[in-house]
Protein chains: 2
Amino acid sequence: MPPNDPTVLAPAPMGLRERKKAQTRAAIQRHALRLFQRDGYSATTMEQIAAAADVSPSTLYRYFPTKEDLVLQDDYDPLMAAAFRAQPPEVPVLEAFLAAVHQTLAGISPEDREEAVLRARLSFTIPEVRARALDHTLSTTDVIADMFAEHLGRSPRDLEIRVLAGAVIGAILSAQLFWIDDPKADPWEISEQALRCLIDGPAGLTKG
Amino acid sequence: MPPNDPTVLAPAPMGLRERKKAQTRAAIQRHALRLFQRDGYSATTMEQIAAAADVSPSTLYRYFPTKEDLVLQDDYDPLMAAAFRAQPPEVPVLEAFLAAVHQTLAGISPEDREEAVLRARLSFTIPEVRARALDHTLSTTDVIADMFAEHLGRSPRDLEIRVLAGAVIGAILSAQLFWIDDPKADPWEISEQALRCLIDGPAGLTKG
DNA sequence: CAAAATTCTGAGAGTAACTTCCATTTAGAA
DNA sequence: TTCTAAATGGAAGTTACTCTCAGAATTTTG
């Protein structure tokens, strides 16, 4: 990947129109998260959010079709995917995956990271949001399986590949749950540990 | 476990009241599934379901708090749990898990199984239902982790255990997705194959 | 068997998330 | 500037879901 791939790093020269849109979207989400934190998710209505962001409800719904999207929407997935594809083929899959996650996290500014942590916490805390987050995770699993297949030079339809992807996601999810219960822990640390469990093989456990 | 443990096998002698409740609940769910199949999920309103089952909307909501519950609700989980706990300690965890699933499925009547398959298909097909199904799966993972811990004589707080449970669930989920794309396949067969991938260890893959 | 206590049901009003449609404004191209 | 396409705002409607309360059915008690 060229060091300044426009699809990844550069915001790609936007016209005034797109710049305003991005600005509006960011403003809406920021206000929404603030209100969710202050008054609680279900106690905050879409109308209140629209009012806070100074847009009409219609506009709010055009940017965020559902209330959950206000918590879930971000654009880290393509960054992750790019980072993974940038890994050299000779490095083992799970190591490559780990590296991709690490690199992506490293590329996020402290403020954005803080916001991401808040969103993650809300995602696990509010049942409706959690449900939709998991649904998104499931589709992500498909994407990851495809990337794994490509990295390994195998068919993306291969059950073994999909099981591997599912196991990886399941493991990380468990790690996240671990983190929710223990907020002072580092989510990255735990995720890495979880993946190492998988790399070392659950062999020790599966026999006993 | 005694062969006729009342909490598992026997419906436990119910009074008239509870018998009627069970009957009403079953009737509601049956009608709901029928309408979902005939007219589609979102095209069917709660009012229509209530009317079809000949109860008031209030009553419908008392039995099924959300529309998704009409698809998701069943009582197989405790059966599974009991079957797992009934496995002798010396059999390896994942084998025990596999056996528990197998035995539970074997104990379900053909009609009930058919209904379960329909519900599963709806669960994966309708986005809102799928989301809630995954959320339920997540809590189930916690229960499974506890059972694994008990079987292995380890702490349920152990990260390694939870990762194992997460990986198992993730693998099975991937298998189910596989099945959705290929309806003539046997879901049980694929799930077993997926678990075997995990038992044999993803070692072959994690190195390459 | 009758009365009292508990639980289930039905009815109605209300909230809020989302949808749809149309008139208006605003940015970008000619 | 003018024309076109896209973003916005306003309003009315649908539906899932909540709350409350009065009446009916069931279980328990005297």
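Below, all heavy atoms of this structure are taken into account, side chains as well, without hydrogens, waters or symmetry copies.
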Touch class at under 4.0 angstrom, heavy-atom based, for A:Y63 against every strand present: sugar-phosphate
Distance in angstrom units between A:K21 NZ and D:dT8 P, rounded: 8 Å
A:Y41: partners by ring pair (Phe, Tyr, Trp, His ring centres under 6.0 Å), with sequence neighbours left out: A:F36
Partner residues of B:D181 under the salt bridge (charged side-chain N to carboxylate O under 4.0 Å, His left out) criterion, sequence neighbours left out: A:R157
Between CD on residue A:Q73 and OG1 on residue A:T66, distance to nearest 0.5 Å: 8.5 Å
Distance below 4.0 Å between B:K67 side-chain N/O and D:dC17 OP1 or OP2: no
Interatomic distance, A:E47 CD vs C:dT19 C1' [rounded to whole Å]: 15 Å
Nucleotide C:dC18, atom C1' - distance to CD of A:E128 in whole Å: 14 Å
Partners meeting side chain to side chain donor-acceptor pair (under 3.5 Å) with A:R30 (sequence neighbours left out): none
Touch class at under 4.0 angstrom, heavy-atom based, for A:S42 against every strand present: nothing
Residue B:Y61, side-chain heavy atoms: nucleotide from D:dT8, C:dC18, D:dA16 that is nearest: D:dA16
Where protein sits on nucleotides 19-30 of chain D, one letter per nucleotide: B base, S sugar-phosphate only, - none, heavy atoms under 4.0 Å: ------BBS---
Distance in angstrom units between A:R25 CZ and D:dT8 P, rounded: 10 Å
A:E68 vs B:S56, nearer the 5' end of DNA chain C by closest nucleotide: B:S56
Residue met sooner reading DNA chain D from 5', once A:L60 and B:T66 are mapped to nucleotides: A:L60
Those residues that, when tested against B:D54, pass side chain to side chain donor-acceptor pair (under 3.5 Å) (two or more places apart): none
Pairwise 5' ranking along DNA chain D for B:F64 and A:T24, keeping only the more 5' one: A:T24
Residues which pass ring pair (Phe, Tyr, Trp, His ring centres under 6.0 Å) with B:F84, listed by chain and number, not counting sequence neighbours: B:F148, B:H151
Spacing between B:D69 atom CG and D:dT18 atom P, to the nearest angstrom: 10 Å
Test item: A:L173 and B:L138 side chains (from C-beta on) under 4.5 Å apart, heavy atoms: yes
